[in-house]
Amino acid sequence: MLDLRYVVANAQAVAQNAQNRNAVVDIDGLVLASQARSQALVRLEETRRVANTVAKQTGKPTLDAAELFAALPTWLASDLGIADCSVVRANERPWLVDIGKKLKGLEPDLAALVSQLEAEIELKARQVPNLTHPDVPLGASDEDHRELRQVGVRRDFASEGFVPLDHVQLAEQLALIDFEAGAKVAGQKFYFLQNEMVLLDLALQRFTIDVLVRRGFTPMVTPDLARPDILEGIGFNPRGTESQVYTVAGHDLCLIGTAEITIGGMLADTIIEPERLPIRIAGISHCFRTEAGAGGRESRGLYRVHQFTKVEMFIFCAGDLAVSQAHHAELLAIEEELFGALQVPYRVMDICAGDLGAPAYRKFDLEAWMPGRGAWGEITSTSNCTDFQARRLQIRYRTEPGGKPRLVHTLNGTAIALSRGLIAVLENHQQADGSIAMPKALLPYLPFSVIGPR
RNA sequence: GGAGAGGUGGCCGAGAGGCUGAAGGCGGCGGUUUGCUAAACCGUUAUAGACGUUAAACUCUAUCAGGGGUUCGAAUCCCCUCCUCUCCGCCA
């Protein structure tokens, strides 16, 4: 969520930014509602103030008639039928109780108006996406991402004398994944990992966690479920047909789509002591995605599944662009380090404005070369969300003891997703005989150096 | 899942219809004293919002888990929800 005051003061720019980002917003309506709310709120507060004064006066009279009359705004005095000071009975209990009752009668309508306007503001404000880094390329499709660099060498399978298989074929040959059993027990796009694949999965997690702990991240295993308001704070939409998240029937809970949700939510409504910043967390969780409307292309095998395990990096840092951008660069560097160590060729993409989603100020994806389909495929994503998530979740810190709390910046990044990361390793390390050589970096975590051939 | 006990400021902990944004203590901050440290003493110390201002101050509204109710007036009385703890059950 953006700061409402900022939106009102910069309506034009915010509307333009939303348009660049492919977001449908009603900034004019937001500004109008915000002004109407201010007006209504002033009336409500004046009414309450007078009601409080009268209630106190009823218990223990301290004001004379003139003072009491002076406390009345003129619009309220006429509503109450008090034309002038002479009708005020500052020491008569029944009169005061009567006025108190009348005031009480006025409040519900005023309060209803305010909360109606607030609901409208909330609804409209929620649709407004974060601001955008000036270097982010414009555009709305995958073609509009800017390729920053390619790293690693794509193997020349022709000169090695064989045609590479995709991970589904490899897994089939080597009995590493059982998609049929997954479909039987849970439906399409569920699967069982089996045999060496399980150890590879765990090895990748351990390897990743070791790298992150060395980098100063605190390892965590998070809940796999979270409350809807936490999802919303992070920027997910738990309801509606296009929702990417599962909700649990009979409980006010959702299956998380990423540990970003639980880790970000962990510090909701918290004021963090400044010496604790930055807080860097490496969270392991399962991720659940309905993949609503994602049929067809690019969904073969493990590429687009309803459940996978992920090691997620998350950072809470000082609410300062220079600081969060430095962390963002590091998250990207870590992702590159990991896939470099796994000997997977990749390219780095600067994601275009129309594809950023609501919370990200800037987003970099790593796309791995996937020989099985002869194409690049997204394997990680790291976003700087600046204060967008922190504002809704109220995650703050103090710059100095006793100082005013400020919103933190939050960042997240995939360290490794044990779906697409597995694809990248299998397909890039396959050998002519159908076996798969394990990357050197994983050997300390594995009781074998090659899977197959069988 | 069953039974009980609770949820008050950064923390501990009083408070039992109006004088309570909330005693007292701890912690924090500022100061006095002091060779230094400590101690002692004095002062100060919540969040959000409105108004206003160059900015502030002042003032006002809301907040004692959350929501609703009773009342002129609720931390205090009533109802609902959530959460925590203890015991039992079940289970990894």
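So you know, we letter chains A, B, ... as the sequences are listed, proteins then strands, and number each from 1.
Proximity note for Arg396(A) (side chain, C-beta onward) versus rA50(B), rC72(B), rU47(B): the nearest is rU47(B). For Leu41(A), taking side-chain heavy atoms from C-beta onward, the closest of the listed nucleotides rG49(B), rA48(B), rU71(B) is rG49(B).
For Arg37(A) and Ala51(A), each mapped to the nucleotide of RNA chain B holding its nearest heavy atom, the one lying further toward the 5' end belongs to Arg37(A).
The side chain of Lys60(A) places no N or O atom within less than 4.0 Å of a non-bridging phosphate oxygen (OP1 or OP2) of rC19(B). In this structure, Arg227(A) does not reach the rC82(B) phosphate: none of its side-chain N or O atoms is under 4.0 Å from OP1 or OP2.
Rounded to whole angstrom, the span from the CE atom of Met1(A) across to the C1' atom of rA48(B) amounts to 13 Å. Distance Leu117(A) CG to rG49(B) C1': 15 Å, rounded to the nearest Å.
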*Starting from the C-alpha separation in whole Å, work towards a yes-or-no answer on ring-ring contact (aromatic ring centres under 6.0 Å, His included) for Phe364(A) and His328(A).*
CA-CA 9 Å; Phe364(A) 299 115; His328(A) 197 200; 4.9 Å; yes
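Both the sub-6.0 Å distance and the 45° axial angle are satisfied by Arg420(A) relative to the ring of Tyr303(A). For the pair Arg206(A) and Tyr445(A), the cation-pi test (distance below 6.0 Å, angle within 45°) is failed.
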*Could you run through nucleotides 60-68 of chain B and give me one letter per nucleotide, 5' to 3': B if any protein heavy atom sits under 4.0 Å from the base, S if only the sugar-phosphate is that close, - if neither?*
SBS------
*Whenever both distances are under 3.5 Å in a Watson-Crick or G-U wobble pair, mark it; put RNA chain B into dot-bracket that way, with [ ] for crossing pairs and | when the partner is on another strand.*
((((((((.[[[..)..(.....]]]((((((.......))))))(((((........))))).[[[[[..)....]]]]])))))))....
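Formation of a donor-acceptor pair under 3.5 Å by the Arg391(A) side chain with backbone atoms of Met1(A) is found in this model. With hydrogens and angles ignored, the 3.5 Å screen pairs a side-chain donor or acceptor of Arg454(A) with a backbone N or O of Leu174(A).
Taking the six-membered ring where the residue is Trp, Phe190(A) and His306(A) present tilted rings, their angle falling between 30° and 60°. Phe179(A) and Tyr191(A) have tilted rings, their planes meeting at an angle from 30° to 60° on a 0 to 90° scale.
Remark: Glu120(A) engages Lys124(A) in a salt bridge, criterion side-chain N to carboxylate O under 4.0 Å.
Between the C1' atoms of rC78(B) and rU61(B), the separation comes to 26 Å (whole Å).
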